[in-house]
Protein chains: 2
Amino acid sequence: MLRLSKKTDYALMAMKHLASDPRRRAASAREIAESYDIPIELMAKVLTRLVRSGLLVSHQGVHGGYELAQPPAATSVAAVLEAIDGPLTMTACTHGDHECDQFSKCNVRDPLRRIRDRIAAILAECSILEIAADPEPSAPPVRVMSSPAMRRVSAL
Amino acid sequence: MLRLSKKTDYALMAMKHLASDPRRRAASAREIAESYDIPIELMAKVLTRLVRSGLLVSHQGVHGGYELAQPPAATSVAAVLEAIDGPLTMTACTHGDHECDQFSKCNVRDPLRRIRDRIAAILAECSILEIAADPEPSAPPVRVMSSPAMRRVSAL
DNA sequence: GAATATCCGACCAATCTGGTCGTATCTTAA
DNA sequence: TTAAGATACGACCAGATTGGTCGGATATTC
């Protein structure tokens, strides 16, 4: 659960690809797609969404392709997620739309919104630059918890 | 995106319900379901999973029902998510299974795992007690970012 | 033994998602 | 001016996931 969509994965791969390219020239959808065994049409669709959201700029024509619209440090992972899958929701009621059957009686709405905000902050603070700087975490590696350990609250 | 499943919502609602009940006695699936307009059979299925994961204990029979297996502070939101939807994954490759077509060439695997770990830490640190203490966040409220703001990295 | 519970698996319909296809349009270069 | 290489865009499909339902088995109390 809390799964990222495949399209989001592809988007992040493409963003990193563009951020890491030393030549800093436009890369075509085909080039990126083939680098990672991604279906070309799907990659193209993803890239188009990134353009529409202003994260990439595109050039049509023979030597066209895609470039980062901003330096890698200026684009957050959150922005990429939003570009592909729309606003970061978590629950049906996160943003206004009272479309959930339990809306009136729900007792976890506010607490969940708080959690959502914390997660959103993490995603907003993580830039493509950080993603591109693969070798070694900049933050101290948080201990991965296995199921039994997660059962109990660690800090509190 | 990053949506919680409805079952997880229901599970959290039930956990909070049980944590908030001053009488501290077993509540039946019916009682919980009716409190929040949740389909009874579905609530029952969710509660059963919570029992199987050791977060609740159940008593069958006429005055049976469900109780928290531990004090509310000892159960994390992460544990509830895992009980309902299995291990917190984010990507297809998060836990061993190399079932993703891009596995061999993927360039964002490690960075994404780092992000996943940070999110898992947040969920592991948030207890049912915190969820039950609805009125007012214990942590300073993180600013909710609207789409345009999220586009740029805030801290970095 | 009747009533009230949990337990468990099968099942279904609707939605979501990954992926495909066809076509239009733009831009460069020969 | 024309061909090639590229993005843009919308329609479409099949498979997976999910929310929800149903039927029956088992346990416990009165």
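Chain letters run A, B, ... following the sequence lines, proteins first and then strands; every chain starts at 1.
- Counting to the nearest Å, the P atom of D/dT7 and the CD atom of A/Glu41 are 12 Å from each other.
- Non-hydrogen atoms lying under 4.0 Å from DNA chain D are contributed by nothing in residues 12-21 of chain A.
- Put simply, the side chain of B/Lys45 and the base of D/dT21 share a donor and an acceptor less than 3.5 Å apart.
- Remark: C1' of D/dG23 and CD1 of B/Ile40 are 16 Å apart, rounded to the nearest angstrom.
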Pair A/Val77, A/Ser127 - check side-chain contact (heavy atoms from CB on, under 4.5 Å), show working.
CA-CA 6 Å; A/Val77 170; A/Ser127 71; over 6 Å; no

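- For A/Ser28, whose side chain is taken as the heavy atoms from C-beta onward, the closest listed nucleotide among C/dA5, D/dA8, D/dT7 is D/dT7.
- Distances shown here put every side-chain N or O of B/Arg3 at or beyond 4.0 Å from the OP1 or OP2 atom of D/dT18.
- The closest donor-acceptor contact from the side chain of B/Lys7 to the backbone of B/Ile84 lies at 3.5 Å or more, if one exists at all.
- One interatomic measurement links the two molecules: CG of A/Leu47 to C1' of D/dA8, which rounds to 12 Å at whole-angstrom precision.
- Closest of all the heavy-atom pairs between A/Glu82 and A/Pro87 is OE2-CA, 3.9 Å.
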Please tabulate, one pair per line, all N/O donor-acceptor pairs under 3.5 Å involving side-chain atoms of residues 55-63 of chain B, not counting sequence neighbours.
unit_1  : atom_1 : unit_2  : atom_2 : d
B/His59 : NE2    : B/Glu67 : OE1    : 2.9

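- The nearest whole Å value for the distance from the CG atom in B/Asp101 to the P atom in D/dA16 is 13 Å.
- Atom pair A/Arg49:CZ and D/dG10:C1' shows a separation of 12 Å (rounding to whole Å applied).
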Give each protein N/O atom lying under 3.5 Å from an N/O atom of nucleotides 14-18 of chain C, with the pair distance.
unit_1 : atom_1 : unit_2 : atom_2 : d
C/dG18 : OP1    : A/Lys6 : N      : 2.5

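- Protein atom CD of B/Glu31 is 14 Å distant from nucleotide atom C1' of C/dT4, rounded to whole Å.
- Applying the salt bridge (charged side-chain N to carboxylate O under 4.0 Å, His left out) rule to pairs touching residues 29-39 of chain A yields A/Arg23-A/Glu31, A/Arg25-A/Glu31, A/Arg30-A/Glu34, A/Asp37-B/Lys105, sequence neighbours excluded.
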Would you please test B/Thr8 and B/Asp85 for side-chain hydrogen bond (donor to acceptor under 3.5 Å, both in side chains) and show each step?
CA-CA 7 Å; B/Thr8 302; B/Asp85 287 326; 2.7 Å; yes

All N/O contacts under 3.5 Å from nucleotides 28-30 of chain D to the protein, with atom names and distances to one decimal?
unit_1 : atom_1 : unit_2  : atom_2 : d
D/dT28 : O2     : B/Val62 : N      : 3.4

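- With salt bridges taken as basic N to acidic carboxylate O contacts below 4.0 Å, none links A/Lys6 and A/Asp9.
- Computed from coordinates, the A/Arg30 CZ to D/dT7 P distance equals 9 Å when rounded to whole Å.
- Looking at which nucleotide of DNA chain C each of B/Ala44 and B/Gln102 is closest to, the 5′-most match is held by B/Ala44.
- Taking the side-chain contact (heavy atoms from CB on, under 4.5 Å) definition, one finds that B/Arg52 meets it with B/Thr48, B/Arg49, sequence neighbours left out.
- Counting only distance, with no hydrogens or angles, the side chain of A/Arg118 and the backbone of B/Ile119 share no donor-acceptor pair below 3.5 Å.
- Taken from CG in B/Leu123 to OG in B/Ser76, the straight-line distance is 8.0 Å, to the nearest 0.5 Å.
- When all heavy atoms of A/Tyr36 and B/Gln102 are compared, the closest pair comes out as O-CG, 3.0 Å.
- Rounded to whole angstrom, the span from the CG atom of B/Leu50 across to the P atom of C/dC7 amounts to 11 Å.
- Within the structure, a side-chain polar atom (N or O) of A/Ser58 is placed less than 4.0 Å from OP1 or OP2 of D/dA8.
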Just do the side-chain contact (heavy atoms from CB on, under 4.5 Å) check on A/Cys100 and A/Arg109 with the steps written out, would you?
CA-CA 11 Å; A/Cys100 169; A/Arg109 190 159 49 239; over 6 Å; no

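- Between B/Thr48 and C/dC7, a side-chain N or O to OP1/OP2 separation shorter than 4.0 Å is present.
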